[in-house]
Asks: 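Handing you a structure now.
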Amino acid sequence: MKKKLVTVMMAAAMTASLLAGCGGAEEPAAQPEAAVAESAESEDEVSEPEEAPAEEENTADTGEDAADTTAGDTVVLKCVCDLTPHSEILNAAADQLAQQGIELDIVSTTWDATWNDMLIDGDIDFAYFMHVPAMESIEEEMGATLYSMGGVHVEPYACFSDKYASKDELPENAVIAIPNDSSNEYRALKVLEKEGFLKLDSEMTAIDASVDQIEEYTIPIEIVEMDQANIIPSSADFDAYFVNVNRALEANIDTTAYLMREGEDSEYANIITVTEANKDNEAIKKLVSVLQSDETKKFIEENFNGAVIPAKQ
């Protein structure tokens with residue numbers, strides 16, 4: 001205890017000596033307290049903004065909610081459709097659809113058998129590539145229930161040739177390729193019957209159509225049934241061939257140079273097809289309304305040179 005007291009007294013004496021040497025001012029002795037006070041104030045000032053991140057977080061949350069609300073105003077419909085003219089018609093209607101709050105996600109424009117599965121399994125909202133007889137054929141084949149929401153356009157089924165300019169030039173026993181899917185085979189056979197080449201069983205339907213339904217050849221021809229996807233690539237092997245007009249357009253075939261075709265009153269309008277899940281979908285109904293509008297009809301009439309025509313309502 002004595003040693004501590006001596007130490008304190010010596011420190012005080014040294015401090016007094018130093019102060020006397022500096023002019024005797026006492027203010028510096030108070031500086032440490034001021035520094036402590038200023039330091040404390042600074043710490044208080046630094047600690048106050050800790051509430052700011054909470055405010056920023058609230059702002060960010062508000063922004064996310066607004067974005068979700070904006071996104072919710074647009075309905076995205078997934079679909080599959082043929083490239084020509086189907087996707088072109090859908091793209092031409094994009095502005096009209098946007099005004100209705102509808103955006104399209106075209107999943108595929110290259111047909112394969114999975115399209116039917118995608119529609120039936122609900123992977124897409126609608127399909128735009130078939131007509132009613134084709135839809136009915138798919139229903140029977142796959143045990144599904146499908147619905148037509150309305151027709152958009154007609155592609156009169158036609159017969160073309162790389163060798164002849166008219167049907168009258170076709171030689172006897174001409175080899176003619178037709179698709180082997182029942183609905184399109186039905187259309188091709190009906191055209192051949194209308195043009196006087198053959199007579200069909202009056203009971204033949206779009207579901208059971210085949211060459212077996214031919215009762216008589218009134219003009220000798222040879223019919224080859226094959227997958228429609230292979231007809232154009234092998235067209236040089238035939239005197240004439242039937243294909244959907246959209247496939248002819250895709251292959252840059254002059255669709256005005258047909259040998260024979262359905263009339264413009266064809267019942268085979270391409271339709272918007274859905275399942276039970278979407279038959280009452282308001283966005284689908286708005287889509288069909290846009291695709292049947294005067295503006296869309298005008299686009300079809302002006303861009304496909306008669307190979308594609310608006311469907312009759």
Side-chain angles (χ1 to χ4, degrees), residues 77-98 100 102-112 115-116 118-119 124-135 138 148-160 179 181 183-184 187-188 191 228-229 231-233 235 241-274 284 286-313:
L77 296 175
K78 290 186 175 183
C79 68
V80 293
C81 65
D82 285 318
L83 180 63
T84 300
H86 306 66
S87 70
E88 295 169 87
I89 293 171
L90 291 179
N91 288 329
D95 289 343
Q96 289 187 81
L97 292 172
Q100 298 289 332
I102 297 170
E103 179 182 332
L104 298 182
D105 178 3
I106 301 176
V107 176
S108 174
T109 57
T110 304
W111 187 89
D112 62 49
W115 278 17
N116 298 333
M118 292 169 70
L119 177 62
I124 56 174
D125 298 300
F126 71 90
Y128 177 30
F129 68 92
M130 65 182 83
H131 43 65
V132 170
M135 182 185 75
I138 291 169
S148 168
M149 299 297 286
V152 180
H153 74 272
V154 174
E155 302 162 21
Y157 211 67
C159 178
F160 300 93
D181 58 287
S183 61
N184 284 322
R187 298 174 74 180
V191 171
Q228 180 166 232
I231 291 179
I232 292 177
S235 61
Y241 54 91
F242 281 87
V243 291
N244 281 321
V245 171
N246 66 298
R247 292 183 181 272
L249 290 169
E250 290 171 9
N252 294 317
I253 293 171
D254 181 0
T255 54
T256 65
Y258 55 85
L259 303 188
M260 44 191 150
R261 74 169 191 174
E262 293 173 330
E264 293 185 358
D265 58 349
S266 170
E267 62 185 295
Y268 293 93
N270 280 235
I271 58 176
I272 300 299
T273 313
V274 301
I284 297 287
K286 289 179 182 178
L287 165 76
V288 174
S289 179
V290 166
L291 295 179
Q292 293 178 342
S293 68
D294 290 341
E295 187 173 339
T296 302
K297 288 179 181 178
K298 183 178 180 182
F299 172 81
I300 294 172
E301 291 168 347
E302 292 180 350
N303 286 273
F304 299 106
N305 198 27
V308 180
I309 57 178
K312 292 181 179 180
Q313 307 307 319

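Computed over heavy atoms, backbone and side chain alike; hydrogens, waters and symmetry mates excluded.
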Asks: Closest approach of Pro156 and Val245, non-hydrogen atoms and distance?
Replies: O-CG2, 2.9 Å

Asks: Could you go through Asn184 and Tyr268, starting from their C-alpha distance and side-chain angles, then the distance that decides it, and tell me whether this counts as side chain to side chain contact (heavy atoms under 4.5 Å, CB included)?
Replies: CA-CA 10 Å; Asn184 284 322; Tyr268 293 93; over 6 Å; no

Asks: I want to check something: taking the side chain as every heavy atom from C-beta on, are Ile231 and Pro179 in contact at a cut-off of under 4.5 Å?
Replies: yes

Asks: Working note: Leu119 + Val80, criterion side chain to side chain contact (heavy atoms under 4.5 Å, CB included); need CA distance, chi angles, decisive distance, verdict.
Replies: CA-CA 9 Å; Leu119 177 62; Val80 293; over 6 Å; no

Asks: Between the side chain of Glu301 and the main-chain N/O of Pro310, is any donor-acceptor distance below 3.5 Å?
Replies: no

Asks: Checking Tyr258 now: which residues fulfil ring-ring contact (aromatic ring centres under 6.0 Å, His included) with it, not counting sequence neighbours?
Replies: none

Asks: Is the shortest heavy-atom distance from the side chain of Tyr241 to the side chain of Leu259 under 4.5 Å?
Replies: no

Asks: With the side chain counted from C-beta on, respond yes when Asn91 and Ile106 share a heavy-atom pair under 4.5 Å apart, and no when they do not.
Replies: yes

Asks: Are there more than 12 heavy atoms of other residues, nucleotides or ligands under 6.0 Å from atom CG of Asp95?
Replies: no

Asks: Is the backbone N or O of Lys286 less than 3.5 Å from a side-chain atom of Ser289, with the two atoms forming a donor-acceptor pair by type?
Replies: no

Asks: Identify which one of Val274, Thr273, Val288 satisfies the side-chain contact (heavy atoms from CB on, under 4.5 Å) criterion when paired with Phe126.
Replies: Val274

Asks: Is there a side chain to side chain contact (heavy atoms under 4.5 Å, CB included) between Asn303 and Glu88 once you walk through the steps?
Replies: CA-CA 10 Å; Asn303 286 273; Glu88 295 169 87; over 6 Å; no

Asks: Between Asp254 (side chain only) and Thr256 (backbone N and O only), is there a donor and an acceptor less than 3.5 Å apart?
Replies: yes

Asks: Mark yes or no for whether Gln292, through its side chain, and Gly151, through its backbone, hold a donor-acceptor pair below 3.5 Å.
Replies: yes

Asks: Can you find a heavy atom in the side chain of Cys81 that is under 4.5 Å from one in the side chain of Phe129?
Replies: no

Asks: How many angstroms lie between OG in Ser108 and CD1 in Ile124, if you round to the nearest 0.5 Å?
Replies: 9.0 Å

Asks: Val152 versus Ile271: any side-chain heavy-atom pair under 4.5 Å?
Replies: no

Asks: Starting at CG of Asn246, measure out to CG of Leu83 and round the result to the nearest 0.5 Å.
Replies: 9.0 Å

Asks: What is the distance from atom CG of Leu249 to atom OG1 of Thr84, rounded to the nearest 0.5 Å?
Replies: 6.5 Å

Asks: With a 6.0 Å cut-off on the ring centroids, do Tyr128 and His153 count as close?
Replies: yes

Asks: Answer yes or no: is there a side-chain heavy-atom contact under 4.5 Å between Val191 and Arg261?
Replies: no

Asks: Would you check if the side chain of Asp125 reaches a backbone N or O of Lys78 as a donor-acceptor pair within less than 3.5 Å?
Replies: yes

Asks: Do Asp82 and Trp115 come within less than 4.5 Å of each other through their side chains, counting heavy atoms only?
Replies: yes

Asks: Taking the side chain from Glu155 and the backbone from Val308, do they hold a donor-acceptor pair closer than 3.5 Å?
Replies: no

Asks: To the nearest 0.5 Å, how far apart are CE in Met118 and SG in Cys79?
Replies: 9.5 Å

Asks: Taking Tyr157's backbone N and O only, do any of them form a donor-acceptor pair with Glu262's side chain (distance below 3.5 Å, no angle check)?
Replies: yes

Asks: Does the side chain of Gln228 come within less than 4.5 Å of Val243's, by heavy atoms?
Replies: yes

Asks: If we ignore angles and hydrogens, is there a donor and acceptor under 3.5 Å between the side chains of His86 and Asn270?
Replies: yes

Asks: Look up atom OG in Ser148 and atom NE2 in His131, then write down how far apart they are to the nearest 0.5 Å.
Replies: 12.0 Å

Asks: For Thr296 and Val290, indicate whether the former's side chain and the latter's backbone hold a donor-acceptor pair under 3.5 Å.
Replies: yes

Asks: If you apply the rule side chain to side chain contact (heavy atoms under 4.5 Å, CB included), what do you find for Asp294 with Lys297, and how did you get there?
Replies: CA-CA 5 Å; Asp294 290 341; Lys297 288 179 181 178; 4.3 Å; yes

Asks: Rounded at 0.5 Å granularity, tell me how far CZ in Phe160 sits from CE in Met260.
Replies: 11.0 Å

